[in-house]
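Beneath this line is the structure, given in structure tokens, with notes to follow.
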Amino acid sequence: MRVAIETMAVIGAGQMGSGIAQVAAQAGLKVILADASPELARKAHDKLGASLAKLVEKGKLQAADREAILGRIRPAASLDDCAPADLAIEAIVENLQVKAEVFKKLDALLRPEALLASNTSSISITALAATTRRPGQFIGMHFMNPPPVMALIEVIRGLQTSDATYAAITELARKFGKTVVTSRDVPGFIVNRILIPLINEACFALQEGLASAADIDTGVKLGLNHPMGPLTLADFIGLDTCLSIAEVLHRELGEDKYRPAALLRTYVAAGWLGRKTGRGFYQYQGR
Ligand code: 3HC
């Protein structure tokens, strides 16, 4: 049965979850934005308001549209508020147990025909689907950071994902104005399978003293026409996230070429996680 997706719950109101909520609300969906506490959901809503206000200032968004978008996003008091959703997408910490716990609750809350999706960058969709009672209605919907700006959504079919679920989700992604690529459920999917080894190689290059961080980045940025160099991009994504994906690729694909650089491990151990902590390969003022 094909579900009409009009109300979407987004679980996790961090950088990715908030961005996904914005994308959905901009496309006219009603969004329920949930996090571990009502305060976190409320703060994320305020932050979205401020970021949309900047777009209004720049003349890229009408003030009335900003109000309408914000009005369609409701911060949740608890996960229970997600019950009316036709689709719930999770964008929380990359931990199978924690995600499974949330999906178990959503599975019990949502009506039987509703769909479940994960924005995971590295955890098996098949394994997550298997923790629910609706594995055919489970899918990977991987947004790129920042979701409102990036043109791609990677759709990942788990072993159990039904054709109807796949059709509904690709249709929704197109309604969001995104281009879809479809990946099998293999660690890293398409984008991170290519991106993380690139970032890891840049870490090895820095570790070996091949060049400075700035020159490695400028080499890739101007030499390959990438919008950001790999180390700047790693700081933007979060070094902990990059390391965790690199570890999954190394462990699950079992090849030495995916071994995370020691430098990346050391930075993460130091708490130098990139922009979010004010320091990664570069330092960020006023954060
Ligand atoms: N909503 C709508 N538009 C927004 C926005 C928002 N919340 N935030 C920014 N924008 C718009 C800006 O208005 C601007 O539009 P313009 O070009 O028409 O003026 C545009 O987006 C770019 O924003 P900025 O001017 O602030 O910044 P930059 O020009 O420096 O671009 C960037 C920033 C888009 C992040 C660019 O540097 C970039 O594309 N970097 C690479 C990002 C990337 O590779 N992401 C993928 C990472 S991999 C991933 O996510 C997978 C995960 O699993 C690890």
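Since this is a predicted model, take the numbers as computed values, not measurements. Both counts, for ligands and for their atoms, begin at 1 and track the order of listing.
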Which protein N or O atoms sit under 3.5 Å from any N or O of ligand 1? Give each pair with its distance.
from, atom 1, to, atom 2, distance (Å)
ligand 1, 1 (N), Gln22, NE2, 2.8
ligand 1, 7 (N), Gln22, OE1, 3.3
ligand 1, 13 (O), Lys58, NZ, 3.3
ligand 1, 13 (O), Lys60, NZ, 2.7
ligand 1, 15 (O), Lys60, NZ, 2.5
ligand 1, 18 (O), Lys60, NZ, 2.7
ligand 1, 19 (O), Lys60, NZ, 2.4
ligand 1, 45 (N), Asn145, O, 2.8
ligand 1, 50 (O), Asn145, N, 2.8
ligand 1, 53 (O), His142, NE2, 2.7
ligand 1, 53 (O), Asn192, ND2, 3.0

*Give every residue pair that meets the ring pair (Phe, Tyr, Trp, His ring centres under 6.0 Å) criterion with at least one member in residues 167-223, sequence neighbours excluded.*
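Residue pairs with at least one partner in residues 167-223: there are none.
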*Of the options His250, Glu247, Arg193, which is the one that meets Tyr258 in a side chain to side chain donor-acceptor pair (under 3.5 Å)?*
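So the option named by the test is Arg193.
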*Which hydrophobic side chains are connected to Ile190, either touching it within the sub-4.5 Å cutoff or through other members that do?*
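Cluster partners of Ile190: Met144, Met150, Leu152, Val181, Val191.
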_Residue pair Ser121 / Glu94, side-chain donor-acceptor N/O under 3.5 Å_ = yes
*Hey, could you give me each pair passing side chain to side chain donor-acceptor pair (under 3.5 Å) that has a residue in residues 175-184? Not counting sequence neighbours.*
Tyr166-Thr182
*Are Val180 and Ile156 connected in a single hydrophobic cluster, I mean Ile/Leu/Val/Met/Phe/Trp/Tyr linked by side-chain heavy atoms less than 4.5 Å apart?*
no
